[in-house]
Amino acid sequence: MVDYLIVGQGLAGSCLAWQLLQRGKRVQVLDVPGNNRSSMIAAGLFNPITGKLMSRTWLAETLFQSLFDFYPQVEQNLNQKFFYPMPLYRPFLSVQEQNEWMGYSAQPENQKFIDHIHTTSVYGDQAHDAFGGLVIKQCGYVDVPVFLQSIRTLLVQQNAFAEDWFDETQLQHTPTEISYKHWKASAIIFCTGTSKTNLWKAAPVKPLKGETLTIKLNEKPKLIYNRGVYIVPGKENLYKVGATYETQNLSEVITEAARFELATRTSELLMLPFEIVDQNWGMRPTSPDRRPMLGHHPNSKNVIIFNGLGTKGVSLAPYFSAQLANWLTGSAEILPTVNINRFKALYSKS
Ligand SMILES: Cc1cc2nc3c(=O)[nH]c(=O)nc-3n(C[C@H](O)[C@H](O)[C@H](O)COP(=O)(O)OP(=O)(O)OC[C@H]3O[C@@H](n4cnc5c(N)ncnc54)[C@H](O)[C@@H]3O)c2cc1C
C-alpha cells in the first residue's frame, strides 16, 4: 500500500513525485516513457517575459523564485546536471520598440527581470540586431529528458516506478482506497497530459501541437536568442529551435510547413549559418484560461488531477506541484484560479 498512485511521469508527474517524497509520502508512478509527447519534446526554456506582447508572465516572481530553488535542489540531491540559467536576448525591430522598452524597464516590477537595454547592435556578429535589444534575466533552460530520467532512476531505486500503460478498466476505487492491478493506494493522481481518461473526460485539456527543429551551429551563441523563435543549447553543437503553435491541424507527424516556418524565422534571427539535422512534434496540454488544473474529482476526493501546464511546464510545475503536495498533506489550499473546480459547470453537463 502506498499513499499515492501517480499516472504519468512527464514534468507534472515528476515534480509531484519529488515533492511528495520530500514530504515523507510513499508513491508508485506508472508510465511508458517512450509514449511521452510533450515534456520529452520541450526545449525546456524558462523566461519571465513572454508572449507576442512580451509581458511579464503570470505570477512571475513566485514561479521563478520557486523554479530557481527547485531544480538546483533536485540536481544537488541526485548529483545530476540539467538546470542551465542563462540570459536571453531579444533583438528590437525598431526605434519605437527601443523606446517602449525604456518605458517598461522603468517600472519597478519589471526591473527584476530586465538586465540591460541595448540601443545599438551588440551581438551583430551572431544575430540580426541593428536596433539593439533587450537582455532578460532569470532565463535559461532545463534539459528535460535528463531531469525526467534522473527522477525515474530515483523512483526505480525505491521500487516506485513501473512501466505500465494505465488501463482504467482495471481501476477500483472507494472513498478510502484505490486498487489497480496489484497496487493499492489512498489516492490516485492523474498527470497524463493530453491523454484522455474516462474519469477526467470533462476536464478541458486541449492539445496544442508544437514542432521544433534541431540545428547544428559551428559557432556557440553567446546567449539564448529569441525573436520569432528561440535557439536553446542542446548537446555539443546542436541547438533546439522552437516552436510552432498549431490548434487546428493536430496530425501526429512533422510537417513541411512547420519546417519552413521555423527555418525562415531562424534565418531572420541568426547571422550564423545553420544546418537542420532533426525535426520533432509534440502536444502541449493546455487549458481554456491558460492556467494549470489541480484538485480532486467532483465525485471522488481521492481521484486527483495535475494538468494544464500548457506552454510553460518548466516554470509552472515546481510551484504548483509544491502547492498540490501541500494541499494533499493538509498544509495549504489550492489557489482558486488553478483549482479544477472552476470548471465544474462542464461536469454538471457531462
Ligand atoms: C514543441 C514543444 C515545445 C515546448 N517547449 C517548452 C519550453 O521551452 N518550455 C516550457 O516550459 N514548456 C515547453 N513546452 C510545454 C511543456 O512540454 C509542457 O508544459 C509539459 O511537458 C507538460 O507536462 P505534463 O507532465 O503535464 O505532460 P506530458 O509531458 O505529456 O506527460 C504526461 C505523461 O503521462 C503519460 N501517460 C499518459 N497517459 C498514460 C496512461 N494511460 N498510462 C501511463 N502513462 C500515461 C505519458 O506517457 C506522459 O509521459 C513545450 C511543448 C512542446 C510540445
Side-chain angles (χ1 to χ4, degrees), residues 5-17 28-48 50 57 63-64 67 71 84 88 139-145 147-149 151-152 161-171 180-181 188-200 203 205 207-214 224 226 229-234 240-246 250 252 254 258 262 279-287 290 292-294 305-318 320-321 324:
L5 184 62
I6 299 178
V7 186
Q9 199 238 321
L11 276 163
S14 298
C15 291
L16 184 62
Q28 173 66 46
V29 181
L30 309 178
D31 201 336
V32 175
N35 289 354
N36 187 297
R37 290 296 336 171
S38 190
S39 302
M40 287 296 288
I41 313 297
L45 184 67
F46 53 91
N47 171 9
T50 56
T57 195
L63 297 181
F64 279 69
L67 82 85
Y71 293 110
Y84 299 92
L88 180 146
C139 298
Y141 67 98
V142 169
D143 188 333
V144 181
F147 170 65
L148 299 188
Q149 183 57 57
I151 297 284
R152 188 151 56 246
F161 181 83
E163 188 150 336
D164 181 278
W165 195 249
F166 180 76
D167 169 9
E168 232 170 327
T169 60
Q170 299 199 45
L171 174 71
Y180 172 69
K181 294 189 178 171
I188 182 165
I189 309 173
F190 288 86
C191 303
T192 48
T194 54
S195 289
K196 279 279 171 206
T197 56
N198 237 341
L199 267 168
W200 286 106
V205 180
L208 172 60
K209 185 179 174 187
E211 293 189 50
T212 58
L213 297 179
T214 303
I224 296 173
N226 175 207
V229 285
Y230 49 72
I231 317 285
V232 173
K240 212 161 220 187
V241 175
T244 57
Y245 297 85
E246 178 59 61
L250 300 181
E252 297 189 345
I254 54 169
L262 294 170
Q279 184 176 352
N280 222 328
W281 65 270
M283 295 288 175
R284 309 167 180 95
T286 68
S287 66
R290 299 184 183 187
M293 300 173 197
L294 288 64
I305 192 168
F306 182 27
N307 208 323
L309 296 182
T311 58
K312 295 184 181 140
V314 168
S315 43
L316 291 168
F320 285 107
S321 60
L324 183 55

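This chain uses plain numbering: 1 for the first residue, then up along the sequence. Given the structure is predicted, the values throughout are model-derived calculations rather than measurements. Every number for a ligand or one of its atoms is a count from 1 in the order of the listing.
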Do any N/O atoms on S39 end up under 3.5 angstrom from N/O atoms on ligand 1? yes
Is D164 in contact with ligand 1, taking contact as a heavy-atom separation below 4.0 Å? yes
Is the contact between M40 and ligand 1 made by the side chain, the backbone, both, or neither, using heavy atoms and a 4.0 Å cut-off? neither
Under-4.0 Å heavy-atom contact with ligand 1, by part of S38 that carries it: both
Is the closest N or O pair between F306 and ligand 1 shorter than 3.5 Å? no
Contact partition for V32 relative to ligand 1, non-hydrogen atoms under 4.0 Å: backbone
With backbone taken as N, CA, C and O and side chain as the heavy atoms from C-beta onward, which portion of V232 lies under 4.0 Å from ligand 1: side chain, backbone, both, or neither? neither
Is it true that G44 lies under 4.0 Å from ligand 1, counting heavy atoms only? yes
Answer with side chain, backbone, both or neither: which part of C191 has a heavy atom less than 4.0 angstrom from an atom of ligand 1? backbone
If I apply the N/O under 3.5 Å rule, does G13 come out as touching ligand 1? no
If you measure every N/O of R284 against every N/O of ligand 1, is any gap under 3.5 Å? no
Please identify which of these residues, K240, R37, E211, meets the side chain to side chain donor-acceptor pair (under 3.5 Å) condition with N280. R37
Test of understanding: given a 4.0 Å heavy-atom threshold, classify the contact between D31 and ligand 1 as side chain, backbone, both, or neither. both
Candidates S321, A42, P292; heavy atom nearest atom 14 (N) of ligand 1 found on A42
Hey, is ligand 1 close enough to M283 that some N/O pair sits below 3.5 Å? no
Return the orientation label for the F166 and Y180 ring planes: parallel under 30°, perpendicular over 60°, tilted otherwise. tilted
Under 4.0 Å, heavy-atom basis, I'd like to know which part of Y230 is in contact with ligand 1: side chain, backbone, both or neither. side chain
Is there side-chain contact between F46 and L63, with at least one heavy-atom pair below 4.5 Å? no
Once you restrict to heavy atoms under 4.0 Å, what part of A12 touches ligand 1? Side chain, backbone, both or neither. both
Nearest neighbour in protein (non-hydrogen) for atom 10 (C) of ligand 1: T311 O, 3.4 Å
